[in-house]
Amino acid sequence: MVEERHNLDDMNLKLDGTVVFSDTHPEIERRMIEGIRRMSPAQKLEAISRMGRFMRGAAYAQVRRRYPGASEHECWMRVISRVIPADLMLKAYGWDVRENGY
């Protein structure tokens with residue numbers, strides 16, 4: 001089985017600015033869009049919140065595997081340092097990415 005990698009050449013850019021992978025069947029895409037349109041604003045926010053929790057959990061698991069002896073605090077510092085600029089990490093949390101890494 002050949003692993004597929006997506007880059008900008010593999011995507012279609014629609015007029016509304018959305019990007020869709022070329023391997024998404026148009027009927028599936030249509031159903032997904034219809035489902036999202038039927039969601040209330042609260043449901044959309046909850047879906048986004050669930051995705052965020054999932055992504056943070058996945059990032060935490062990756063850090064935990066890479067640094068098995070790290071404390072929970074250190075793991076979370078490494079996770080959030082991936083999304084917060086280095087200067088703000090140092091000011092807000094005292095975490096120097098140059099010294100401690102991501």
Side-chain angles (χ1 to χ4, degrees):
M1 187 157 119
V2 176
E3 180 182 335
E4 292 184 31
R5 295 185 182 251
H6 297 286
N7 60 37
L8 290 177
D9 295 334
D10 296 324
M11 299 179 199
N12 300 315
L13 184 60
K14 294 187 169 191
L15 291 177
D16 66 357
T18 59
V19 175
V20 179
F21 288 106
S22 59
D23 64 350
T24 301
H25 190 280
E27 177 61 19
I28 300 301
E29 179 189 1
R30 185 186 66 74
R31 289 181 186 184
M32 289 172 57
I33 292 170
E34 284 177 4
I36 292 168
R37 286 180 177 156
R38 283 193 300 268
M39 294 169 76
S40 70
Q43 290 171 317
K44 290 176 185 176
L45 286 172
E46 176 56 29
I48 291 168
S49 179
R50 279 193 315 268
M51 285 187 281
R53 285 191 301 271
F54 172 81
M55 295 304 294
R56 283 188 302 278
Y60 184 89
Q62 181 188 40
V63 167
R64 175 58 68 200
R65 279 191 305 277
R66 188 170 183 187
Y67 302 96
S71 69
E72 184 174 356
H73 173 77
E74 179 182 341
C75 288
W76 281 117
M77 290 298 100
R78 291 182 184 283
V79 168
I80 63 174
S81 70
R82 296 174 178 191
V83 295
I84 295 177
D87 60 330
L88 187 54
M89 277 299 294
L90 188 56
K91 283 181 186 176
Y93 298 103
W95 184 265
D96 187 346
V97 298
R98 292 178 303 261
E99 182 180 316
N100 301 311
Y102 292 93

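Since the model is a prediction, treat every value here as computed from it, not as a measurement. We use all heavy atoms of the structure for the numbers below, so side chains are in, but hydrogens, waters and symmetry mates are not.
- Residues Gln43 and Arg38 come closest through the heavy atom pair OE1-O, 4.2 Å.
- Note on Ile48 and Phe54: separate hydrophobic clusters, where clusters join Ile, Leu, Val, Met, Phe, Trp and Tyr whose side-chain heavy atoms are under 4.5 Å apart, directly or indirectly.
- Salt bridge Glu27/Arg30: present, at least one basic N to carboxylate O contact under 4.0 Å.
- The number of heavy atoms from other shown groups lying within 6.0 Å of OH (Tyr93) does not exceed 12.
- Hydrophobic cluster membership differs between Ile33 and Ile28, with clusters built from Ile, Leu, Val, Met, Phe, Trp and Tyr side chains linked at under 4.5 angstrom.
- With hydrophobic clusters built from ILVMFWY side chains whose heavy atoms lie under 4.5 angstrom apart, Val97 shares a cluster with Met77.
- Residue Arg53 qualifies as enclosed at atom CZ: its count of foreign heavy atoms under 6.0 Å is above 12.
- Here the CD-OH distance, from Glu74 to Tyr67, works out to 8.0 Å after rounding to the nearest 0.5 Å.
- Val83 and Leu88 fall within the same hydrophobic cluster, defined by Ile, Leu, Val, Met, Phe, Trp and Tyr side-chain heavy atoms under 4.5 Å apart, directly or through other members.
- For the 3.5 Å distance criterion, the side chains of Tyr60 and Arg64 qualify, holding a donor opposite an acceptor.
- Of all heavy-atom pairs between Met39 and Lys44, the closest is O-CE, 3.5 Å.
- A pairwise comparison of heavy atoms in Arg82 and Gln62 identifies NH1-OE1, 2.6 Å as the closest pair.
- No donor-acceptor pair closer than 3.5 Å links the side chain of Arg56 to the backbone N or O of Ile80.
- Here CD of Glu99 is found 9.0 Å from CG of Leu90. Values are rounded to the nearest 0.5 Å.
- Contact detail for Trp95 and Gly101: the closest heavy-atom pair is NE1-O, 3.1 Å.
- More than 12 heavy-atom neighbours from other residues, nucleotides or ligands sit within 6.0 angstrom of CD on Glu34.
- With hydrophobic clusters built from ILVMFWY side chains whose heavy atoms lie under 4.5 angstrom apart, Met55 does not share a cluster with Val79.
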